[in-house]
Amino acid sequence: MASSELEVLIDADRIRRRVEELGEEISRDYRGGELHLVGVLRGALQFMRDLSAAIGIPKTVDYISVASYGNCSRSSGHVQLRMELSESVAGKDILIVDDIVDTGITLSWMVEHVRFRGARSVKTCCLLDKPARRTTAVPLDYVGFPINDLFVVGYGLDYQEKFRDLPFISFVSPPERLV
Ligand code: IMP
Ligand code: MG
């Protein structure tokens, strides 16, 4: 399927406005402090770029790479660390930034990972939340958009590494149609 045939679920303008709002909310909540953002690669890359630009307080940024999906559209149920953080999180106020929370397995693993390494505080921020698919409870402190149980692509999200570069969020259900 060509990207030009994909339907728009959330257009670029709505994404931009919501990311600005999240940035302002986060800046207010952490006013006077300093924030260490941890982005989950590769899906959160676009979101992290725009969100960190919208956060108006001192911040540092790091990335981690994990895989829970392999190349299928459903979670495999376990998380594999592909690339560890470069900076220590010990004693820092951490905001984990992810693209989408589906089963919750990846993000809850991330929260534990960062806590175990001695973070002072840990909060979570995701662009998209699919609450209907949750199997593992995880606290979501900042959510861009709650969505229905659709397989979405674009703005960093992929299906088999395709469609990450779309400026908007699209959906395809079932995802097999994307092949
Ligand atoms: P979870 O561990 O099941 O919550 O899955 C989280 C990860 O799976 C996300 O960070 C995404 O990388 C991927 N994922 C979940 N749902 C989708 C989707 O609809 N489109 C693309 N990737 C998804
Ligand atoms: Mg991800």
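Order of listing sets the numbers, starting from 1, for every ligand and every atom in it.
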Can a non-hydrogen atom of [X] be found less than 4.0 Å from any atom of ligand 1?
X: D99; result: yes
X: D158; result: yes
X: V79; result: no

Strictly below 4.0 Å, N to O, side chains only: are [X] and [Y] in salt-bridge contact?
X: R115; Y: E112; result: yes
X: R16; Y: D13; result: yes
X: R18; Y: E21; result: yes
X: D129; Y: R134; result: yes

Does atom CG of D29 have more than 12 heavy-atom neighbours, drawn from other residues, nucleotides or ligands, at distances under 6.0 Å?
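Yes - once you tally the heavy atoms of other residues, nucleotides and ligands closer than 6.0 Å, there are more than 12.
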May I ask you to check whether V153 has an N/O atom sitting below 3.5 Å from an N/O atom of ligand 1?
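N/O-N/O distance under 3.5 Å: no.
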I'd like to check whether G104 has a polar contact with ligand 1, where a contact means an N/O of the residue lying under 3.5 Å from an N/O of the ligand.
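Yes; at least one N/O pair falls below 3.5 Å.
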For [X], counting its heavy atoms only, list the atoms of ligand 1 lying under 4.0 Å from any of them.
X: K130; result: 16 (N), 17 (C), 18 (C), 19 (O)
X: I105; result: 2 (O), 4 (O)
X: L150; result: 19 (O)
X: D98; result: 10 (O)

Exercise: identify the closest heavy-atom pair between L37 and S52:
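For L37 versus S52, the nearest heavy atoms are CD1-CB, 3.6 Å.
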Between [X] and ligand 1, find which residue part has any heavy-atom pair under 4.0 Å and reply side chain, backbone, both or neither.
X: T103; result: both
X: R133; result: neither
X: L107; result: neither

Quick one, H113 with I64, criterion side chain to side chain contact (heavy atoms under 4.5 Å, CB included). Give me CA distance, side-chain angles, the key distance, then yes/no.
CA-CA 11 Å; H113 188 72; I64 191 168; 3.6 Å; yes
For atom 7 (C) of ligand 1, which of the options T135, T106, D149 provides the nearest non-hydrogen atom?
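Residue with the shortest heavy-atom distance to the ligand atom: T106.
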Mind checking the CG-OH spacing from L22 to Y142? Nearest 0.5 Å is all I need.
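Reported value, rounded in 0.5 Å steps: 9.0 Å.
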Check the pair I169 / Y155 against side chain to side chain contact (heavy atoms under 4.5 Å, CB included), numbers first and verdict last.
CA-CA 6 Å; I169 290 169; Y155 194 65; 4.0 Å; yes
